[in-house]
Number of protein chains: 2
Amino acid sequence: MASPTEENYLKTLFTKADKNGEIAITELSQYLKVSAPTANSMIKNLSQQGLVNYEKYKLLSLTARGKKEAAFIIRKHRLTEMYLVEKMGFGWEMVHEIAEQIEHIDSPRFFDRMDELLGYPKVDPHGSPIPDKNGKITAKTLVKLSDCKVGDTVTLSALANSSEEFLKYLNSKQLQLELKLRVEAIEPFDQNMKIKYLRNRVEILSQMACNKLLVEKQL
Amino acid sequence: MASPTEENYLKTLFTKADKNGEIAITELSQYLKVSAPTANSMIKNLSQQGLVNYEKYKLLSLTARGKKEAAFIIRKHRLTEMYLVEKMGFGWEMVHEIAEQIEHIDSPRFFDRMDELLGYPKVDPHGSPIPDKNGKITAKTLVKLSDCKVGDTVTLSALANSSEEFLKYLNSKQLQLELKLRVEAIEPFDQNMKIKYLRNRVEILSQMACNKLLVEKQL
DNA sequence: ATAATAAGTTAGATTGATCTAAATTATAAT
DNA sequence: ATTATAATTTAGATCAATCTAACTTATTAT
């Protein structure tokens, strides 16, 4: 239905909106690398189609339909990245560029098959949730453990890397998914983190490891 | 470099040209499902870019550069079809539509990786040759099954037609590329062929079908 | 050989996505 | 409160890809 250009607008609206789901048109235009008037006229078009809430001089937001459309595009993008890494052996640095193009392929079967081959992942290795085939997002947005502060209590929810060595490393420290962790201290020099879990177990984790551990923050 | 539209023109010029590498502009426009004037103006553009030989009222042909460009696009298309069938489990009938879109992805690494994962195939699921990463086609001399004699043992290597019905027909008889076939008998009246394959499977194939099956003769 | 038909070309319009320049409205600063 | 600045919108142009209508050239049939 939507052109690749329209899809890019919806995707950016979705991912770059603030906590209220809103974004200014100029900021949007910068993300999309087009001029403000260009974004303005495209937004009018999307508003016409019932995908974007638009009133002159006000902030933009997606309608319910717009959000659903956006979720489908994000699904296609994230599944593609996941597939390129897991099934084709690309590094995470390389996949974005390719996924930016493949996300515009119009073929539900193609993406559903990727999903199946990947085992229906709910989160990509960046910790971003992958919408399911109905456009529903079940996972929360995860953050890297390395981005947490001292005192944060979090739940280990996903891994940004699942190489055998890394899994062994985690095993040796009894680190498992769904485990609650507390950041006790961070070494300023190298960002090593002192983590407490399982009643009273304490470990020092390297910055490299913390970068690959995706966690959900406690309230 | 080339837009998806330009790529489609080059690909069609390459695949639909006659034995002399020529095609009429109207015929081209029909394959591309655009009006003749549309094709005319695009051909002028491609001629300007040095990709197509064009003189008013004459037949069209690709220049050397145009052929090379076309070969790259065909490479992308056929590798994609191959990948979809071999690595993602799609049926032959389904892959064309998806490959029509993926062939326009601009990422040599992506296609080279597919090529590698597939083991550098020289022929796609429909049996058409796949140009290598330099645009070179390792040509094969195939003969029609209908031109074979009783007692010939051959390998099914390509299809001269890949309509959905034909692919379904072949599927229903478990006829796949790379299968070894033996011509058991030929009916003098209608040239129907009795073919043995897969240990002891025997089928009678119509002259029409045998005409579309391209095979490599055993030495 | 000439007329009829088919193929190819030109002219001019349209649509989607983009731009720059200029005008308007909102926000921030003194 | 007024002014300066920033954000947004309007106006009008451009470019690629497409169309239809009309015209020209080539081919075919009588």
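Chain identifiers are assigned alphabetically (A, B, ...) following the order of the sequence lines, protein sequences preceding nucleic acid strands; residue numbering begins at 1 within each chain.
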Side-chain donor/acceptor pairs under 3.5 Å, residues 37-44 of chain A, sequence neighbours excluded:
| residue | atom | partner | partner atom | Å |
| --- | --- | --- | --- | --- |
| A:Thr38 | OG1 | A:Ser35 | OG | 2.9 |
| A:Ser41 | OG | A:Thr38 | O | 3.2 |

Checklist entry - Quick one: does NZ or CZ of B:Lys11 land under 6.0 Å from the six-membered ring centre of B:Tyr9, within 45 degrees of the ring axis? => result no
Item to check | B:Glu203-B:Gln174 side chain donor-acceptor pair, cut-off 3.5 Å | outcome: no
Checklist entry - Residues from residues 6-20 of chain B sitting under 4.0 Å of DNA chain D, heavy atoms only? => result B:Tyr9
Next on the checklist: Please determine whether the number of non-hydrogen atoms from other residues, nucleotides or ligands lying under 6.0 Å from atom CD of B:Gln191 exceeds 12.
Outcome noted: yes
Checklist entry - Around B:Glu97, counting heavy atoms of other residues, nucleotides and ligands shown, do more than 12 lie under 6.0 Å from its CD? => result no
Checklist entry - Under 6.0 Å from the NZ atom of B:Lys173, do we count more than 12 heavy atoms belonging to anything else shown? => result yes
Next on the checklist: Please report the distance, rounded to the nearest Å, between NZ in B:Lys58 and P in D:dT27.
Outcome noted: 10 Å
Item to check | D:dA7 OP1/OP2 closer than 4.0 Å to side-chain N/O of A:Thr26 | outcome: no
Item to check | Polar side chain donor-acceptor pair, A:Glu100 to A:Asn8, under 3.5 angstrom | outcome: no
Mind listing the N/O atom pairs, protein and nucleotides 25-29 of chain C, below 3.5 Å?
| residue | atom | partner | partner atom | Å |
| --- | --- | --- | --- | --- |
| C:dT25 | O4' | A:Tyr57 | OH | 3.4 |

Next on the checklist: Please report the distance, rounded to the nearest Å, between CD in B:Glu27 and P in C:dG8.
Outcome noted: 9 Å
Checklist entry - Picking from B:Ile195, B:Leu156, B:Asn211, B:Leu214, what satisfies side-chain contact (heavy atoms from CB on, under 4.5 Å) with B:Leu145? => result B:Ile195
Item to check | Residues in salt bridge (charged side-chain N to carboxylate O under 4.0 Å, His left out) contact with B:Lys76, at least two apart in sequence or another chain | outcome: B:Glu7
Checklist entry - To the nearest angstrom, how far is B:Leu60 atom CG from C:dA7 atom P? => result 14 Å
Item to check | Those residues of residues 97-104 of chain A lying under 4.0 Å from DNA chain D by at least one heavy atom | outcome: none
Checklist entry - Does the side chain of B:Glu6 come under 3.5 Å of the side chain of B:Gln49 through a donor N or O and an acceptor N or O? => result yes
Checklist entry - Is there a residue in residues 33-46 of chain A whose heavy atoms reach under 4.0 Å of DNA chain D, and which residues are they? => result A:Ala36, A:Pro37, A:Asn40, A:Lys44
Item to check | Residue from A:Arg109, A:Arg75, A:Lys133 passing salt bridge (Lys or Arg N to Asp or Glu O under 4.0 Å) with A:Asp115 | outcome: A:Arg75
Next on the checklist: Could you go through A:Glu81 and A:Arg78, starting from their C-alpha distance and side-chain angles, then the distance that decides it, and tell me whether this counts as salt bridge (Lys or Arg N to Asp or Glu O under 4.0 Å)?
Outcome noted: CA-CA 5 Å; A:Glu81 288 196 328; A:Arg78 293 183 181 161; over 6 Å; no
Item to check | Side chains of A:Asn192 and A:Ser206, donor plus acceptor under 3.5 Å | outcome: no
Item to check | Euclidean distance, atom CD of residue B:Glu55 to atom P of C:dG8 [Å, nearest integer] | outcome: 14 Å
Checklist entry - For D:dA16, does OP1 or OP2 lie under 4.0 Å from any side-chain N or O of B:Thr5? => result no
